[in-house]
Amino acid sequence: MAGAIIENMSSKKLVIFGVILLLFQALSFMVGGLIAPSPTSVMLYMANKCVDTAKSHQSTKWFMPWGPNKCEIIRSFDEAMAKKIEANNIVFAVHIPQQNMEMSPWFQFMLVILQLDIAFKMHNQIEEGALATVDVALAYRDDTLSEWTEMAHSVEQRELKCKFNTQKNYENEGRYYDCDLLPFMELGSVSHKYYLLNIRLPVHERKKINVGIGEVKDIQLVGIHQNGGFTKVWFAMKTFLTPSILIVLVWYWRRITLMTRPPVLLEKVIFALGISMTFINIPVEWFSVGFDWTWMLLFGDIRQGIFYSMLLSFWIIFCGEHLMDQTERNRFSIYWKQVGPIVFGSFCLFIFDMCERGVQLTNPFYSIWASDVGTELAMAFIVVAGICACLYFLFLCFMVFQVFRNISGKRSSLPAMSKARRLHYEGLIFRFKFLMLVTLFCAAMTVIFFIISQVMEGHWQWGSQKLELNSAFFTGIYGMWNLYVFAIMFLYAPSHKRYGDNQSGGQCIISDTGASGEEIQLTTTITHVDGPTELYKMTGKAAQE
Amino acid sequence: MNLGWGRVSRALGWPSGSLLDSRRCVVALTLLTLIMQVVVEANSWWSLAMNPLLIPEAYIIGAQPLCSQLVGLSQGQKKLCQLYQDHMQYIGEGAKTGIRECQYQFRHRRWNCSTVDNSSVFGRVMQIGSRETAFTYAISAAGVVNAVSRACREGELSSCGCSRAARPKDLPRDWLWGGCGDNLNYGYRFSKEFVDAREREKSYPKGTAESARLLMNLHNNEAGRRTVSDLAHVSCKCHGVSGSCSLKTCWLQLADFRKVGDALKEKYDSAASMKLNSRGKMVQMHSKFNPPTSHDLVYIDGSPDYCLLNHTTGSLGTVGRLCNKTSEGMDGCELMCCGRGYDQYKAQVVERCHCKFHWCCYVKCKRCTKTVDQFVCK
């Protein structure tokens with residue numbers, strides 16, 4: 001690993017390289033901020049109340065809220081009361097999207113949130129821990145004339161968490177409860193143009209179904225989907241980034257294999273980091289435009305998880321390999337203590353994700369948060385993952401601290417060392433400090449932009465130009481980690497200058513013999529020692545400067 | 001409370017009944033009202049709230065003459081009606097919600113927002129630029145915002161368009177590129193267009209009483225609409241990887257209309273009295289207070305005496321209203337009956353009790369009767 005490009009590059013070139021990276025960074029922010037719309041959009045729906053007049057409940061009958069085949073609609077339940085329509089005959093119908101619009105595969109995903117408008121009545125209050133049982137059916141069609149095809153049908157239970165903020169008296173009858181939003185549905189792909197939801201709240205007194213849920217006035221749905229424009233920009237970015245990272249990856253590995261020695265652990269880890277970055281970059285999402293692949297959302301989560309656990313492992317191993325202690329390293333097995341929490345934590349999150357999004361592949365109405373057991377399980381997974389994250393950061397901090405302690409220890413003894421050994425240590429220190437700096441910068445940027453995008457309203461007026469902060473956050477951060485991996489692969493690749501050294505001749509060979517005694521010492525202290533040429537080339541270079 | 005309502009309408013019935021005794025009078029009255037309409041424009045778009053013509057089916061046929069049949073619309077409003085026929089039903093509904101909320105908020109007041117007839121709706125009281133008028137204008141404008149944006153969410157209106165997101169010009173369709181769905185904004189804009197049309201098409205010389213009234217109406221309409229959008233609250237949902245908050249989507253949610261009523265009632269209590277200055281602008285009567293913002297209600301005339309029936313002001317009086325003997329507030333018999341005293345009698349009230357409810361449309365109750373003391377203003 002000694003003799004990486006970063007050590008051999010002149011400061012001028014290093015600055016130019018840094019500036020280019022910064023330019024690309026700015027570009028990736030601008031792409032999100034100026035071209036892309038906000039990442040997601042919201043559509044609000046108010047369910048229309050249809051009357052199911054048929055005595056026998058035919059399952060094939062679908063209720064349209066508007067349009068030419070619209071169902072028999074009642075405006076309010078007072079009307080239903082007068083017409084002697086019962087709760088079981090009422091179907092809440094929602095058409096997604098609204099009139100004159102159609103959904104598109106570019107929306108990538110759609111999630112729907114349910115909100116019940118429940119009016120307060122003195123004699124009909126929401127009971128403690130009331131469960132709403134929702135019988136829901138989802139259908140799709142691709143043109144306005146064809147029949148609806150059923151996609152999913154399920155009976156779901158959701159706990160009502162409602163508060164009534166004013167006094168409970170007759171005066172305040174008719175005011176609405178403040179209810180928490182309920183997760184309702186999640187689709188991993190939006191491959192059809194029109195969707196129709198038929199929701200029933202069946203009442204069964206003996207089975208205690210939908211009893212004590214108060215007086216439901218309306219059902220509101222909130223549909224969230226990714227924006228087509230954002231998807232396009234995102235895909236374009238991925239399509240551009242994939243070859244760039246891939247080329248550097250191939251180049252990097254070729255450099256490694258060109259060397260006479262086998263690759264050391266750190267080089268392998270950097271290679272693995274590059275692979276996981278490429279894995280997340282490959283724009284397989286393009287297929288989701290043509291195919292109905294509902295698992296794409298889950299797959300995206302998994303890829304992201306792999307990348308982040310790889311990045312975290314990389315930091316640990318990088319610190320470990322620069323510890324400069326006397327123990328034998330360069331083996332993956334000695335890092336199990338540190339990498340273990342990462343793997344375990346990401347595994348927990350994976351299980352959690354499988355429980356939620358995995359089940360949603362078959363039943364889009366499933367939510368792990370809906371049942372008590374599920375909530376506890378989900379919380380357990382998240383807590384364990386959180387503990388793992390804490391453990392990880394403790395380990396990392398401790399290792400960084402150790403490296404710095406060793407650095408200061410080595411620093412004091414540097415002048416006393418022979419030139420070659422000193423340069424080697426200086427190289428290690430420089431490499432380490434550089435990565436620490438860049439990593440800190442990237443982490444700080446991520447946190448800052450995360451906070452900004454959470455706090456700010458979502459967009460930012462800049463003269464007449466509107467800057468979409470959320471999109472800028474996504475493209476910017478994504479671009480940044482790509483550039484980070486790119487820079488690491490490039491800068492930490494073995495330098496090619498040693499090939500030139502052989503041709504430059506004389507001086508090197510002379511010094512080569514001079515330092516052979518030193519070389520023996522180095523093998524005992526430093527884990528991965530390369531051929532002496534790099535060291536002497538370094539010597540020569542330092543002498544030139 | 002229901003009983004009180006009955007009383008009010010009966011109290012109304014007397015004078016009009018006695019007027020209509022003679023057939024000749026009817027003709028004279030019609031003529032008179034025609035003239036009156038031209039002069040004072042007693043009719044209002046509020047009448048949409050009362051209009052049985054407003055059934056959705058009527059619009060599917062797309063009957064053009066419908067808009068001209070609707071009484072109470074001004075010229076500009078009729079044009080809007082023709083352009084947006086499907087909206088009319090919801091404007092009517094909005095007006096109805098506004099009126100209902102007004103009646104709830106003022107149920108204990110001497111003026112209780114009662115409707116008089118189907119064309120002028122509130123009668124002559126609205127010709128006075130009082131606090132009550134200010135409230136009525138505000139709440140009905142708010143009702144329209146609420147109803148139109150609700151109709152948008154129901155998918156009933158075809159023109160609830162996309163808000164223009166920044167996007168490259170040659171790309172097709174806003175919806176696919178950046179999504180849409182700002183219903184509140186649409187409701188606000190439409191309400192502004194429709195409700196204010198009436199005031200905007202009039203022009204009075206600066207400094208006249210009419211222009212002051214016009215400014216007042218516009219101000220209060222705006223205050224009503226702003227109250228709706230001020231009270232709309234932001235809800236958010238996190239939906240990033242594993243439910244993390246890296247991806248968060250927020251939206252505006254309309255508040256329960258009762259809250260809009262509450263807020264406007266508070267604004268009614270702190271409404272600012274205004275006058276015209278020499279340059280024809282509205283300024284505050286008492287300049288020591290903070291000037292009203294566009295979210296506050298303003299009025300230019302003092303309220304008439306609502307205690308007694310008065311045909312000139314349009315006050316209905318409080319004779320026959322129910323009052324609360326023990327209360328010391330406005331609903332107390334002392335204040336409500338304006339010191340005229342009250343009659344007490346026992347009434348048998350049939351109440352529903354021991355009820356079983358479903359979430360909708362089903363109540364199984366026993367009937368319990370109880371005797372209550374009721375107090376009615378003399």
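Numbers restart at 1 for each chain; the letters A, B, ... are given by sequence-line order, proteins then strands.
Heavy-atom pairs under 4.5 Å with chain B were tallied for A:I73, A:L111, A:V211, A:D78; the largest tally goes to A:L111. No other option in A:I118, A:L221, A:D218 has as many heavy-atom pairs under 4.5 Å with chain B as A:D218. Across A:N172, A:N210, A:I224, the residue that shares the most heavy-atom pairs under 4.5 angstrom with chain B is A:I224. Between chain B and the residues A:V222, A:I85, A:I213, the largest count of heavy-atom pairs under 4.5 Å involves A:V222. When each of A:G305, A:G300, A:P97, A:G228 is checked for heavy-atom pairs under 4.5 Å with chain B, A:G228 comes out on top. Ranked by non-hydrogen atom pairs under 4.5 Å with chain B, the options A:Y176, A:F381, A:F230, A:F473 are led by A:Y176.
Under the side-chain contact (heavy atoms from CB on, under 4.5 Å) rule, A:T40 has a single partner from B:K248, B:K237, B:H239, which is B:H239.
The aromatic rings of A:H123 and B:F357 sit parallel, their planes meeting at an angle under 30°, below the 60° perpendicular limit.
A donor-acceptor contact shorter than 3.5 Å links the side chain of A:Q98 to the backbone of B:R153.
Interface remark: A:W66 contributes side-chain atoms only to the contact with chain B (heavy atom separation under 4.5 Å). Of the two parts of A:I90, only the side chain, counted from C-beta on, holds a non-hydrogen atom closer than 4.5 Å to a non-hydrogen atom of chain B. Only the side chain of A:N48 comes within less than 4.5 Å of a heavy atom in chain B; its backbone stays farther off. If you measure heavy-atom distances from A:D178 to chain B, the contacts under 4.5 Å come from the side chain alone. A:Q125 does not touch chain B: none of its heavy atoms, backbone or side chain, sits under 4.5 Å away. Using a 4.5 Å cut-off between heavy atoms, B:S149 makes no contact with chain A at all. Only the backbone of B:C236 comes within contact range of chain A, with at least one heavy atom under 4.5 Å from a heavy atom of that chain. Looking at A:Q115, the atoms closer than 4.5 Å to chain B (heavy atoms on both sides) all sit in the side chain, from C-beta outward. Interface residue B:L247: backbone and side-chain heavy atoms are both found under 4.5 Å from chain A.
With a 6.0 Å radius and a threshold of 12 heavy atoms from other residues, nucleotides or ligands, A:M122 has its CE atom above the threshold. Within 6.0 Å of atom CD in A:E173, more than 12 heavy atoms from other residues, nucleotides or ligands are found, so the atom counts as buried in its surroundings. Surrounding OH of B:Y84 are at most 12 heavy atoms belonging to other residues, nucleotides or ligands under 6.0 Å away.
Taking NZ of B:K259 as the start and CZ of A:R175 as the end, the distance is 8.0 Å to the nearest 0.5 Å. Taking CH2 of B:W359 as the reference point, atom CD1 of A:I126 lies at 13.5 Å (rounded to 0.5 Å). Atom CG of B:L176 sits about 10.0 Å away from atom CE of A:M101, to the nearest 0.5 Å. A distance of 6.5 Å separates CH2 of B:W177 from NZ of A:K232, quoted to the nearest 0.5 Å. Taking SG of B:C360 as the reference point, atom CD1 of A:I74 lies at 6.5 Å (rounded to 0.5 Å). Here the CD atom belonging to A:Q304 is positioned 7.0 Å from the OG atom belonging to B:S246, to the nearest 0.5 angstrom.
Here the side chains of A:I113 and B:W251 are in contact, with some heavy-atom distance below 4.5 Å. B:H358 is not listed as a side-chain neighbour of A:L201, based on a closest heavy-atom distance of 4.5 Å or more. The shortest distance between side-chain heavy atoms of B:Q253 and A:L44 does not fall below 4.5 Å. Using a 4.5 Å heavy-atom cutoff, the side chains of A:Q220 and B:R150 are not in contact.
Nearest heavy-atom pair across B:D256 and A:G174 is OD2-O, 4.5 Å.
Here B:K364 does not pair with A:E205 in a salt bridge; the nearest charged N to carboxylate O distance is not below 4.0 Å. A salt bridge links A:R75 to B:E154: one of the charged nitrogens lies within less than 4.0 Å of a carboxylate oxygen.
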